[in-house]
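All remarks here apply to the structure that follows.
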Protein chains: 4
Amino acid sequence: MQSRTPASRTGRPRSAEADAAILAATRQALVELGWSKLTLGDVATRAGVAKTTLYRRWAGKNELVVDAVAELFDELELPDCGSLADDIEGVVLQFAAILDRPEAKSGLMAVVAESTLDDALRERVRTSIVQRQMRLVLEGRERAQFRGELPPEPDPEESARTVELIFDMVAGAVVHRTLVSGKQADEQWVRDFTRVLLQGLAAESGEG
Amino acid sequence: MQSRTPASRTGRPRSAEADAAILAATRQALVELGWSKLTLGDVATRAGVAKTTLYRRWAGKNELVVDAVAELFDELELPDCGSLADDIEGVVLQFAAILDRPEAKSGLMAVVAESTLDDALRERVRTSIVQRQMRLVLEGRERAQFRGELPPEPDPEESARTVELIFDMVAGAVVHRTLVSGKQADEQWVRDFTRVLLQGLAAESGEG
Amino acid sequence: MQSRTPASRTGRPRSAEADAAILAATRQALVELGWSKLTLGDVATRAGVAKTTLYRRWAGKNELVVDAVAELFDELELPDCGSLADDIEGVVLQFAAILDRPEAKSGLMAVVAESTLDDALRERVRTSIVQRQMRLVLEGRERAQFRGELPPEPDPEESARTVELIFDMVAGAVVHRTLVSGKQADEQWVRDFTRVLLQGLAAESGEG
Amino acid sequence: MQSRTPASRTGRPRSAEADAAILAATRQALVELGWSKLTLGDVATRAGVAKTTLYRRWAGKNELVVDAVAELFDELELPDCGSLADDIEGVVLQFAAILDRPEAKSGLMAVVAESTLDDALRERVRTSIVQRQMRLVLEGRERAQFRGELPPEPDPEESARTVELIFDMVAGAVVHRTLVSGKQADEQWVRDFTRVLLQGLAAESGEG
DNA sequence: TTCTAAGCGAGACGGTACGTCCGGTCTTTTG
DNA sequence: CAAAAGACCGGACGTACCGTCTCGCTTAGAA
């Protein structure tokens with residue numbers, strides 16, 4: 001994840017437990033303190049590890065938090081509820097549930113904020129978090145096309161544009177609802193949202 | 001804005017210039033350094049003001065940045081382009097343009113992240129930034145109803161829910177596109193987005 | 001004392017009470033806080049006076065403290081106990097009693113320390129405090145010569161030297177006993193000291 | 001000196017050079033700035049050391065200055081000039097020479113002043129500076145008794161009282177001469193002083 | 001088995017910013 | 001005018017973290 005070292009043959013190997021302990025401690029600290037009050041010294045203490053061990057593995061706070069948060073989203077998966085609308089509702093609800101956890105809220109927005117002036121960090125965020133979940137959109141569309149709910153997409157350029165748009169709309173709306181509006185993305189909201197999104201897309205493709 | 005002092009009659013009054021200079025310096029520092037490297041001492045220096053003057057007016061970095069960023073969004077206004085779709089496209093483009101400015105990017109996301117563990121700050125963000133721009137949605141819907149593009153909304157509860165949903169979708173999608181996907185919300189994207197949104201809403205209200 | 005303003009005829013006259021209140025507040029603050037923690041703002045508050053009023057009268061902390069401490073030593077007077085030894089014992093005890101008061105201890109030593117790098121301040125200390133009490137030595141010797149306990153001093157140069165020496169020995173010993181050794185200059189100590197001093201001086205003049 | 005740490009086996013050991021550099025820088029700053037304008041930040045800079053390093057070793061300005069000044073007095077030693085009077089003259093002249101150095105003047109009086117309201121500091125001053133030089137008085141008396149210039153002291157209580165008295169008289173007179181009277185304790189003055197002291201003591205013990 | 005390179009804990013190190021406090025000055029309104 | 005009030009600039013305070021640097025001590029694969 002963070003190590004690109006091509007496995008040095010000699011010397012004492014790095015402790016595998018340390019990695020897990022550090023990431024867990026990071027999430028715990030995010031919950032209790034939030035990003036800005038989280039300190040690497042504190043994380044090291046919580047993980048029962050020396051500061052040097054931590055710095056040997058991560059370049060700084062941002063990189064550490066990205067890795068700690070990224071793990072949270074790996075549990076997302078597309079449920080098979082029989083219809084596209086239900087599938088989407090299901091995954092959006094899962095996404096909202098994760099975003100509602102304080103370690104995700106605080107950490108995710110902070111690294112996004114940081115990444116606005118740090119290209120390497122933005123790339124890391126996109127690779128580790130965003131891009132990794134793009135699979136859900138692709139998988140969902142594929143399944144819907146198989147079911148006949150969506151027509152096969154002939155134009156690959158327009159297709160890519162649409163996938164991006166969907167992703168921006170879904171992720172953006174849930175994040176805004178949860179973090180900015182400060183209200184829960186409950187079932188009612190998710191149902192409303194999903195219906196607007198799907199009907200908009202349907203009309204779009206019907207016309208276009 | 002930040003002062004609720006009911007005007008003490010005696011003593012030297014606070015400098016009005018200082019406020020403006022500080023907020024401007026804050027935005028400049030956000031551009032050059034980003035939120036996390038912005039220091040109040042540096043802002044004070046840029047503003048030609050003592051650190052104490054700054055602390056007399058704001059409780060900390062977060063409050064200062066909220067006020068500095070909030071001013072950016074006041075220039076938003078709903079253009080009258082003749083149709084609802086064009087009006088929305090116009091305001092979304094304006095919004096995207098503001099979000100593309102580095103002081104907005106860095107500052108806004110950071111205070112949102114901070115506000116996840118600080119209720120007072122979240123309220124300040126909502127009051128100073130979010131709620132203040134809700135006017136655009138209301139004004140746009142009103143105008144569209146007057147034009148006959150949208151039916152008059154009879155159920156006030158559902159109406160409120162819809163306004164919130166629209167706001168989450170618009171703001172969320174633009175923010176996600178700009179900050180997370182790291183691509184510009186250009187005319188093409190805005191047109192696609194607006195069409196999906198409006199057609200979704202139209203279908204929704206047609207059914208509901 | 002501190003004001004050299006040649007009495008401006010016009011405008012509101014300075015409050016006479018303020019001076020006394022400020023000096024008293026200074027001494028009180030010396031007792032409670034000591035020199036280094038005494039602040040002019042605090043003195044002003046204690047005196048019920050604005051900081052500006054204080055600065056209009058004194059140039060700074062050191063000058064203020066010198067004046068506040070100087071007043072303490074004006075109550076010294078040479079008792080007439082019948083013999084030189086008893087007179088000296090008496091005045092030394094008085095001196096020790098004053099030095100035992102915390103406002104004197106803390107203030108006096110501090111301004112002496114400050115004066116080591118500030119010629120104007122040293123002069124102020126010498127004029128306001130030290131020189132003013134030299135009278136006691138002169139008066140004592142005169143009285144003793146009148147009584148026949150000391151021979152008339154023919155050589156004026158040697159006489160001056162002796163007066164200075166006595167002053168250094170008396171003031172120095174009492175100060176050292178009180179402040180450095182941290183023990184009281186009680187009757188026992190004063191009697192021992194006085195005897196050594198007088199017998200030393202007697203032998204000296206007997207030889208010389 | 002300041003560290004009572006019983007040598008922690010683990011971690012990076014404290015730099016021994018830093019201690020010396022800090023104390024030297026402190027003395028230099030005392031010379032140039034005096035006690036009240038000496039700042040720990042400035043001392044750290046002069047010593048080429050971080051402020052934290054300084055605070056890790058000393059609790060504050062006072063403790064630091066005590067240690068810096070204490071070292072100055074360690075060079076005092078009782079010369080063997082053949083007679084008690086000459087020995088005393090010699091050591092008093094040495095003492096006066098040290099006190100004439102600006103780092104001693106400014107620093108010593110200031111910490112004495114500070115110690116009037118801080119018992120721990122007074123104890124530190126007494127232990128590190130005063131008591132440590134008491135050896136000179138003891139050694140001098142012993143040597144004089146060996147030579148037969150002073151009778152063996154039978155009563156231990158009176159003996160202790162006399163040692164204290166001598167110390168108060170010697171240290172006090174020299175300090176007062178140097179710092180308060182503002183004149184040099186030159187050979188003439190030292191000879192006069194020593195004669196008075198010794199003859200006084202001689203007469204005392206002759207009687208008592 | 002011994003060697004040896006790296007990992008590890010502890011904690012000192014040079015820095016930077018913090019938020020507070022004071023020193024002095026300046027600018028109001030009130031007397 | 002003086003005085004009270006209090007905002008202002010500047011600068012030091014002592015603290016907290018940063019990221020780096022020694023230390024002495026494992027640890028496990030290579031010699």
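Because the structure is predicted, anything quoted here is derived from the model rather than measured. Below, chain A is the first sequence line, B the second, and so on; all start at residue 1.
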(Q) Under 6.0 Å from the ring centre and within 45 degrees of the ring axis: does the NZ or CZ of B/Lys61 meet both conditions for the six-membered ring of B/Trp35? (A) yes
Q: Quickly work out the D/Trp58 CH2 to F/dT15 P distance and round it to whole Å.
A: 16 Å
Q. Do NZ/NE/NH1/NH2 and the carboxylate oxygens of A/Asp118 and A/Arg122 come within less than 4.0 Å?
A. no
Q) Should A/Arg124 and A/Glu114 count as an ion pair when the cut-off is N to O under 4.0 Å? A) no
Q) Closer than 4.0 Å, any side-chain N/O of D/Arg14 to the OP1 or OP2 of F/dC21? A) no
Q) Roughly how many Å is it from CD1 in A/Ile22 to P in E/dG7, rounded to a whole number? A) 13 Å
Q. Considering only E/dG23, F/dA4, E/dA12, which nucleotide approaches the side chain of D/Arg57 most closely?
A. E/dA12
**Q.** Residue met sooner reading DNA chain F from 5', once C/Thr53 and D/Ala59 are mapped to nucleotides
**A.** C/Thr53
Q. Does the side chain of A/Thr10 get closer than 4.0 angstrom to OP1 or OP2 of F/dA28 through an N or O atom?
A. no
**Q.** Over 12 foreign heavy atoms within 6.0 Å of CD, D/Glu32
**A.** yes
Q | Donor-acceptor pair (no angle test) under 3.5 Å: A/Lys51 side chain, E/dG11 base | A | no
Q: Report which part of the nucleic acid D/Gly48 touches: base, sugar-phosphate, or nothing (heavy-atom distance under 4.0 Å, all strands).
A: sugar-phosphate
Q: Check the distance between F/dG14's P and D/Leu64's CG and give it to me in whole angstrom.
A: 11 Å
Q. Is there a donor and acceptor pair closer than 3.5 Å between the side chain of B/Arg12 and the base of F/dC8?
A. no
Q. Starting at CG of C/Asn62 and ending at P of E/dG23, how long is that distance when rounded to a whole Å?
A. 11 Å
Q) Can you tell me if the side-chain N/O atoms of D/Thr52 get under 4.0 Å from OP1 or OP2 in E/dG15? A) no
Q: Could you check which of E/dA12, E/dC18, E/dC8 has an atom nearest any side-chain atom of B/Leu40?
A: E/dC18
Q: Could you tell me whether A/Ser15 contacts a base, only the sugar-phosphate backbone, or nothing, with contacts defined as non-hydrogen atoms closer than 4.0 Å?
A: sugar-phosphate
Q) Is there a side-chain polar atom (N or O) of B/Arg56 under 4.0 Å from OP1 or OP2 of F/dC8? A) yes
Q. Rounded to whole angstroms, how far apart are NZ on D/Lys61 and P on F/dG14?
A. 9 Å
Q | Value in whole Å for how far the P atom of E/dA6 lies from OH of A/Tyr55 | A | 23 Å
Q. B/Glu17 CD to F/dC8 P: how many Å, rounded?
A. 11 Å
(Q) For A/Ala18 and B/Gly60, find the nucleotide of DNA chain E closest to each by heavy atoms; which residue's nucleotide sits nearer the 5' end? (A) A/Ala18
Q | Whole angstrom value for the distance that separates P of F/dC21 from CG of A/Leu54 | A | 17 Å
Q.
Between B/Thr26 (side chain only) and B/Ile22 (backbone N and O only), is there a donor and an acceptor less than 3.5 Å apart?
A. yes
